[in-house]
Amino acid sequence: MEKVKIFDSTLRDGEQTPGARLNREEKLKIARQLARLNVDIIEAGFPVSSPGELKAVQAIAREVKGPVIAALARTIREDIDAAWEAVKYAERPRIHTFLGSSEIHMKYKLRKDPEVLLNMGVEAVKYAKRYTSDVQYSLEDATRSDEDYMCRVIEAVIAAGATTINIPDTVGYAVPEQFSRLITNILNRVPNIDKATLSVHCHDDLGLAVANSLAAVQCGARQVECNINGIGERAGNASLEEIVVALLIRRDYFDKYKTDINYREIYKTSRLVSSLTGIPIPVNKAVIGINAFAHSSGIHQDGVLKEKSTYEIINAELIGGKAAQMVLTARSGRHAVKHELQEMGFTLCGDEFEEFYQSFLELADKKKEVFREDLEALMADRLAYTAPTFVLDYLQTVSGTKSIPSAVVRLNKNGETFVATDCGAGPIDAAYNAIDKITGLNPRLENYNLRGVTEGRKALGEVTIKLTYQDKTILGRGTSTDIIEASVKAYLNGVNKLVLLSGLNGNGNGQKEKGL
Ligand code: KIV
Ligand code: ZN
């Protein structure tokens, strides 16, 4: 069987999803999980884009062992220097440089002659080779490029030392048959192609990213670039989980290829990426959506009860999900909670577990029956946790048909207590206004999402919001059985991140409670 390398770009192209910005700690958490998933290459970021990004990639390179750690760079020395600075401590560092090859990109974006650009690509590869032997070259917008020109570029950059050649369908324009032809032609026409691994990177603008990637594998591509949950620029990139599960489930058809993916880590990785980026997984998403293993119609349920294979081709346990769940209550005890967490792939010990257990008890007191989805939401809270500057101490809101929505909020900051009251369009707006009075910040609420984590009236509500302040956009997340409290927790989670990110002090007009 031939190995297909899985190149994960969740932390680079995936992070280009609007609103999905991750901080260093969040990127590290995802990178550690990608290593457990056993991807071959982690593209950790685009280091020249900001000093924070460089530091985040550097932290991943220093800590995460196993996969190759790659960093993206344009064909500019400054970018390549930054990429190397970021990955140089990795066990196996890679510099990934790219340049447009389509007429549209060359004429309108790059505004340079094709021969000048070919030479820039060659020089960039040579420059990157001074740092590392592992250099990847991507021909941006390859699927709208002239094939003859592309073949000349590929031959030249391989001669300059590129060890992986990536063919991106940058705008998701390709269709499988045509993409297969392109890959076959490159393999037949470029004389030194055997000196490099051929890779593909497909975007999903026409919903064909996974189909195009699989078609390319069948024609000889041996590296596939893809992202967890299919997140990425615009409509996203090919979904990692869909590609690897298709290769496995249809091994009768894809009989020559294998990946080294640790399938049981898929579910957990998918949930982690969703909770840290704040991008929900559509319920009907192939492989990982919550409906992917649910049977609704009576005919289907009847069939599955008689014989699973009638309507089920993927077993939830394959990807680390579990169909049958235990229902926990406040009396379940530590052992049962720990066991359920382990089944979900989380290992918490000592104080960490005890803290989690206390939040479980709090929830179990409120809603009596705790499901796996609730534990997931509590875990996501922990993962989204940012050491808070402002801590919610007291919240009271008033709302109703004839009353003016108002809120009293009390927050603690470094041992001091601040209190503010305000009114608003509704109780959540009122509480947010009161918080703004205390912090002195007034971030713009770009997006607000509320979802019931489980069924039923006592369900935990999960609020995810997107806030913009000055040039920063961040996500906040909070859960509670009280949706106003969940909304306030999400807002404070976001505000605390902004305070940390911007080095803001966050001291507004809220009155100090001492002296009130
Ligand atoms: O879509 C694209 O072309 C890219 C390249 C940088 C590989 O993301
Ligand atoms: Zn891309």
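Throughout, numbering of the chain's residues begins at 1 and tracks the sequence. Start at 1 and go down the list; that is how both ligands and their atoms are numbered.
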Could you tell me whether [X] and [Y] make a salt bridge, using a distance below 4.0 angstrom between a side-chain N and a carboxylate O?
X    : Y    : value
R152 : E115 : yes
E26  : K497 : yes
K256 : E2   : no
D134 : R92  : no

Check: Taking non-hydrogen atoms only, is R12 closer than 4.0 angstrom to ligand 1 via side chain, backbone, both or neither?
Finding: side chain

Check: What do we get for H203 next to ligand 1 when only non-hydrogen atoms under 4.0 Å count, side chain, backbone, both or neither?
Finding: side chain

Note to self: If you count heavy atoms of other groups shown closer than 6.0 angstrom to NZ of K65, is the number above 12?
What the structure shows: yes

Next item on the list: Would you indicate whether K285, at its atom NZ, is surrounded by more than 12 heavy atoms from other residues, nucleotides or ligands within a distance under 6.0 Å?
Entry: yes

Next item on the list: Please work out the angle at the Zn ion (ligand 2) defined by atom NE2 of H203 on one side and atom NE2 of H201 on the other, rounded to 10°.
Entry: 100°

Checklist line | Under 4.0 Å to a heavy atom of E140 - the qualifying atoms of ligand 1, by number | finding: 3 (O)

Check: Which ligand 1 atoms are under 4.0 Å away from a heavy-atom of P168?
Finding: 2 (C), 3 (O)

Notebook entry, point to check: Do you know which N/O/S atom name in D13 is closest to the Zn ion (ligand 2)?
Noted result: OD2

Checklist line | Nearest neighbour in protein (non-hydrogen) for atom 4 (C) of ligand 1 | finding: H201 NE2, 3.5 Å

Check: Given T143, D13, T170, which has its nearest heavy atom closest to atom 3 (O) of ligand 1?
Finding: T170

